[in-house]
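Report on the structure given below.
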Amino acid sequence: EAQVTQNPRYLITVTGKKLTVTCSQNMNHEYMSWYRQDPGLGLRQIYYSMNVEVTDKGDVPEGYKVSRKEKRNFPLILESPSPNQTSLYFCASSPGTSGDTQYFGPGTRLTVL
Amino acid sequence: GENVEQHPSTLSVQEGDSAVIKCTYSDSASNYFPWYKQELGKGPQLIIDIRSNVGEKKDQRIAVTLNKTAKHFSLHITETQPEDSAVYFCAASRTGGGADGLTFGKGTHLIIQP
């Protein structure tokens, strides 16, 4: 089944404790991206990647890192999480390099205490 | 950059009636306009999209219209059913003009009253 998977689905952590949210797609898509979703603010892009080893900042990149060492994986790294990073995170992938038609994962609910 | 405004933020309609959600965008170079449906506890799912070379597209009970001159596009759902209750997002992007991907509206919570 073609899909985008994220792990973990739920995570509660404490301020300053490094964490990684994994994202994987099995559709051989070129483009992958991360969004955060907050009430009243919709979906905001954190980082995106047009291809392996190519990443760039989205609208809200502060406090996040990403890497794209393989085509299928695009992990999101929070080196020192803070409470304002408590949010619902979505990974998405797209077949082209322009990121138009995107397919979303199920989401990761992160709480930073 | 692109800015997408979406209205209304909440829409309540009687089952069987029609629902219309409207979006405006700022970047005249945008040429791709998808709509996503997000059910509780799930990721957004693409339900319909339109490109700037057409003015209207229909898929069963769902249709999208685009007015490039006015820079607005709308989602129309006819004969609404309980399973249409969800949050709907519009988005815009410039395909081939950069890799910024999608800019989303803030969402519309559609409530279908039985």
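Naming: A, B, ... by sequence-line order, numbering from 1 per chain. What you see below is based on every heavy atom in this structure, not just the backbone, and it leaves out hydrogens, waters and symmetry mates.
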Under a 4.5 Å side-chain heavy-atom rule over Ile, Leu, Val, Met, Phe, Trp and Tyr, are B/Ile48 and B/Phe33 clustered together?
yes
Give the cluster check for B/Val4 versus B/Ile50: same hydrophobic cluster or not, with ILVMFWY residues linked at side-chain heavy-atom distances below 4.5 Å.
yes
Are A/Gln102 and B/Leu102 side-chain neighbours, meaning at least one heavy-atom pair lies under 4.5 Å?
yes
Is the number of heavy atoms from other residues, nucleotides or ligands under 6.0 Å of B/Gln81 CD greater than 12?
yes
Counting C-beta onward and ignoring hydrogens, is there a side-chain heavy-atom pair between B/Pro44 and A/Leu43 closer than 4.5 Å?
yes
Taking atom CD1 of A/Ile12 as the centre, report whether more than 12 heavy atoms of other residues, nucleotides or ligands fall under 6.0 Å from it.
no
Applying a criterion of heavy atom separation less than 4.5 Å, what residues of residues 103-113 of chain A form contacts with chain B?
A/Phe104, A/Gly105, A/Pro106
Please rank B/Gln6, B/Gln45, B/Lys42 by heavy-atom pairs under 4.5 Å with chain A and give me the top one.
B/Lys42
Treat each ILVMFWY residue as a node, draw an edge where side-chain heavy atoms are under 4.5 Å apart, and state whether A/Tyr47 and A/Tyr35 are in one component.
no
With the 4.5 Å side-chain cut-off for hydrophobic clustering, are A/Leu78 and A/Val66 part of the same group?
yes
Acceptor/donor pairs from residues 16-27 of chain B side chains to any protein atom, 3.5 angstrom cut, sequence neighbours excluded:
unit_1: B/Ser26; atom_1: OG; unit_2: B/Glu2; atom_2: OE1; d: 2.9
unit_1: B/Ser26; atom_1: OG; unit_2: B/Asn3; atom_2: N; d: 2.9
unit_1: B/Asp27; atom_1: OD1; unit_2: B/Ala29; atom_2: N; d: 2.9
unit_1: B/Asp27; atom_1: OD2; unit_2: B/Arg94; atom_2: NE; d: 3.4

Below 4.5 Å from any heavy atom of chain B, which atoms of A/Gln37 appear? Answer side chain, backbone, both or neither.
side chain
Taking atom CD as the centre, does B/Gln60 end up with more than 12 heavy-atom neighbours from other residues, nucleotides or ligands that are less than 6.0 angstrom away?
no
Contacting region of B/Gln38 [heavy-atom separation from chain A under 4.5 Å]:
side chain
